[in-house]
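The model shown is predicted, which means the values in this text are computed figures rather than measured ones. Both ligands and their constituent atoms are indexed starting at 1 by order of listing.
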Amino acid sequence: MAELIVALDFEKAEDAYLLAEKIQGEVPWVKIGLELFIAEGPYIVKKFKEMGFNVFLDLKLYDIPNTVKGAVYSALKAGADMLTIHLSGGKRMSEAALAVCNKQKSGMKIFGVSVLTSFDEGELIGYQGKLSDLVQLLAKNAEEWAMHGIVCSGLEVEKIKSIAPNLLCLTPGIRFDDNKSDDQRRVMTPYNAVMAGSDYLVVGRPITRADDPKSVAKRINEEIQKAKKDKNR
Ligand code: C5P
């Protein structure tokens, strides 16, 4: 597997469309986050679907089970192919989200966010342990709850695959070795992320801020293909 998702972190729909047009045909997925979704609404999902993209709606839902259930249904009606919720919302919230997908027989996948990568050790209120232990605990739970996947750093994929082999891993923080990492700290190259077992690679600025976004996407896809071949050897 291993597919490329481009994060369209733009404030205005026009800028997101312009970028999407440039990568059409090379990139199978776009990611719509809170900024663009709140500014433009569910219509934007349909627009990207019409352009031929699969849509990853990264809304990181966290609320009481009934409210999340309603929001998942709305995301599904909007046409999203993938949606995020917070695993810290617990078993009942996660299962309520999954139940909507199963009942509607939709192919939409629900991914759980483990611990936000913006958290530093000691910053989580009421938790004194290591963040990596918490990520692993959440991954085990996510597998038990039959979540489709988990959002994690490329550096965590190997461990997660060993303790929760059925979870798909979606990894942001992808950078070329020769690329500056912006504000990301725990980065990995596309090749290494696929070799580690990542199923979806989320890439934002290395593509969206490039002079030629399509050629950067092509380079990433070539690395993905090479890693797939090397893995199967
Ligand atoms: O520009 P860059 O490649 O860093 O973008 C990565 C994308 O992945 C952004 O949309 C960011 O919000 C998202 N993301 C992340 N780390 C997480 C979850 C999501 O960087 N843990």
Ligand 1 atoms in contact with R205 (distance to a heavy atom under 4.0 Å): 1 (O), 2 (P), 3 (O), 4 (O)

Any P206 heavy atom less than 4.0 Å to ligand 1: yes

Ligand-side contact atoms (ligand 1) for residue partner R175, heavy atom cut-off under 4.0 Å: 1 (O), 2 (P), 3 (O), 4 (O)

V202: numbered ligand 1 atoms lying under 4.0 Å from its heavy atoms: 7 (C), 8 (O)

Close N or O approach (D9, ligand 1; < 3.5 Å): yes

Pair F48 and Y17, ring centroids less than 6.0 Å apart: yes

Under 3.5 Å donor-acceptor, E26 side chain and K214 backbone: no

P172 neighbourhood, listing ligand 1 atoms whose heavy-atom distance to it stays under 4.0 Å: 8 (O), 14 (N), 15 (C), 16 (N), 17 (C), 18 (C), 19 (C), 20 (O)

Exceeds 12 heavy-atom contacts within 6.0 angstrom, atom CD of Q104: yes

Shortest heavy-atom approach to atom 10 (O) of ligand 1 - which of R209, E35, K31: K31

Salt bridge D212-K218, side-chain N to carboxylate O under 4.0 Å: no

Enumerated ligand 1 atoms positioned under 4.0 Å from heavy atoms of G204: 1 (O), 2 (P), 3 (O), 5 (O)

Check: L131 main-chain N/O paired with E121 side-chain donor or acceptor under 3.5 Å: yes

Side chain to side chain, W29 and F53, heavy atoms closer than 4.5 Å: no

Heavy-atom donor-acceptor pair, E143 side chain to N166 backbone, under 3.5 Å: yes

Backbone or side-chain N or O of D58 under 3.5 Å from ligand 1 N or O: no

